[in-house]
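A note on names: the letters A, B, ... follow the listed sequences, proteins ahead of strands, and every chain is numbered from 1.
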2 protein chains.
Amino acid sequence: MNIGEVAKMADLPIKTIRYYEEIGFIQPKRSANGYRSFRESDVHKLAFLGRARSLGFSIEDCRALLQLYENDTRASADVKQIAQEHLTRIDAKVKELQAMRITLSHLIEACAGDDRPTCPILSDLATLS
Amino acid sequence: MNIGEVAKMADLPIKTIRYYEEIGFIQPKRSANGYRSFRESDVHKLAFLGRARSLGFSIEDCRALLQLYENDTRASADVKQIAQEHLTRIDAKVKELQAMRITLSHLIEACAGDDRPTCPILSDLATLS
DNA sequence: CTAAAGCCTCCACCCGCTGGAGGGTCAAGC
DNA sequence: GCTTGACCCTCCAGCGGGTGGAGGCTTTAG
């Protein structure tokens with residue numbers, strides 16, 4: 001399979017697939033013309049990576065997950081730990097964003113949003129903490 | 001004032017202040033020895049920027065906000081619009097993270113997390129969508 | 001035979017800093 | 001006067017995770 005077909009099957013941009021090869025996620029062979037030649041298993045790996053990335057796992061998490069995926073003697077505890085740590089990071093991020101959200105929505109509510117210069121949003125930003 | 005003092009007052013890393021000069025947020029003069037020489041107004045601007053950044057505004061948002069801040073004839077509507085758009089982006093991000101969170105927490109719950117290789121997390125990731 | 005589509009490599013860029021190398025300057029203590 | 005250490009400077013590289021484009025092959029369709 002050529003890269004274009006694989007890109008459609010794994011639902012990933014061509015550039016991303018080449019990048020994933022560069023960082024060692026896959027090692028497709030080359031045809032005589034220099035084109036990458038992908039196997040079914042590459043498509044599976046790429047789909048796996050795409051799904052993991054869409055759940056927000058970092059590239060390094062993906063690398064670890066991929067290794068576990070390919071390791072028959074893995075312990076599910078190792079997978080769970082990676083996922084758990086990632087969930088913790090997500091929760092932290094959500095909290096951070098929600099804190100911003102609250103402050104911001106209060107400021108927006110307080111702002112007249114007309115043609116006058118007085119603005120509680122700017123006043124807040126200008127406040128020395 | 002030298003950069004170190006300013007960094008403490010505005011609660012920003014020195015590197016960040018130099019970067020903010022580089023991208024045109026401030027234009028401190030130079031002393032004879034080549035050191036940056038900051039005014040009170042620079043400290044105010046930097047604190048403003050720090051606060052805006054901590055609310056998640058992008059650098060380009062900050063640039064616009066700073067211009068409005070310094071413009072006596074601004075319309076608060078312009079400020080409000082920037083804030084509103086930013087809030088919308090935050091909401092989108094929160095939703096995205098929460099969707100990940102839900103999927104991920106279900107998978108984690110379903111995973112035994114022991115020394116056996118069977119793992120619903122990996123099974124899910126490997127599922128072709 | 002030609003045009004378009006597809007593939008290749010390589011390099012630069014995005015954001016918002018951050019770290020480090022390799023240096024000059026200044027204030028305090030001896 | 002000299003050293004030490006804290007400051008300051010510039011310049012370059014790198015983070016994550018790709019993305020865009022230039023410039024050039026190859027393959028395929030008509």
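Between A:Tyr35 and A:Tyr19, the one whose closest nucleotide on DNA chain D sits nearer the 5' end is A:Tyr19. With DNA chain D read from its 5' end, the first of the two nearest nucleotides for A:Glu60 and B:Ser37 is the one closest to B:Ser37.
Under the 4.5 Å side-chain heavy-atom criterion for Ile, Leu, Val, Met, Phe, Trp and Tyr, A:Val6 and A:Phe25 are members of the same hydrophobic cluster. Put simply, A:Val79 and A:Ile59 are part of the same group of oily side chains (I, L, V, M, F, W, Y) that touch within less than 4.5 Å, one to the next.
Results of the side-chain contact (heavy atoms from CB on, under 4.5 Å) test with B:Phe57 over B:Arg51, B:His86, B:Arg63 single out B:His86 as the only residue that passes.
Regarding A:Arg18, its CZ atom lies at a distance of 8 Å from the P atom of C:dC7, rounded to whole Å. Regarding B:Glu5, its CD atom lies at a distance of 16 Å from the P atom of C:dC26, rounded to whole Å. Across the protein-nucleic acid pair, B:Asn2 atom CG and C:dC26 atom P stand 10 Å apart, rounded to whole Å. In this structure, B:Ile14 places its CD1 atom 11 Å from C1' of D:dA6, rounding to the nearest Å. Between B:Ile23 atom CD1 and C:dC14 atom C1' there is a gap of 14 Å when expressed in whole angstrom units. In this entry the distance linking CG of B:Asp61 with C1' of C:dG16 reads 14 Å, nearest Å. Rounded to whole angstrom, the span from the NZ atom of A:Lys8 across to the P atom of C:dC7 amounts to 8 Å. If you measure from atom CZ of A:Arg36 to atom P of D:dT26, you get 16 Å, rounded to the nearest angstrom.
Comment: A:Lys15 does not engage A:Glu21 in a salt bridge, judged by the lack of any side-chain N to carboxylate O separation of less than 4.0 angstrom. A salt bridge links B:Arg89 with B:Asp61: the distance from a Lys NZ or Arg NE/NH1/NH2 to an Asp or Glu carboxylate oxygen falls below 4.0 Å.
A:Ser37 and A:Asn2 form no side-chain donor-acceptor contact under 3.5 Å, judged by distance and modelled atom types alone.
Nearest heavy-atom pair, A:Lys93 versus B:Leu97, reported as atom, atom and distance to 0.1 Å: CG-CD1, 3.4 Å.
For A:Lys15 against D:dG17, no side-chain N or O and base N or O form a donor-acceptor pair under 3.5 Å.
When each of D:dG18, D:dT10, C:dT18 is scored by its nearest atom to the side-chain atoms of B:Pro13, the top-ranked nucleotide is C:dT18. Listed nucleotides: C:dC7, D:dG18, D:dC8. Nearest to the side chain of A:Tyr20: D:dG18. For A:Asn33, counting side-chain heavy atoms from C-beta on, the closest listed nucleotide (C:dC26, D:dT10, D:dT27) is D:dT27. Here D:dG17 is the nucleotide among C:dT25, D:dG17, D:dT19 with the atom lying nearest to any side-chain atom of A:Arg53.
Pairs of Watson-Crick or G-U wobble type, with distances under 3.5 Å, assemble into runs of 3 or more in DNA chain C at these ranges: C:1-30 with D:1-30.
In this structure, A:Thr16 reaches the D:dT19 phosphate: one of its side-chain N or O atoms is under 4.0 Å from OP1 or OP2.
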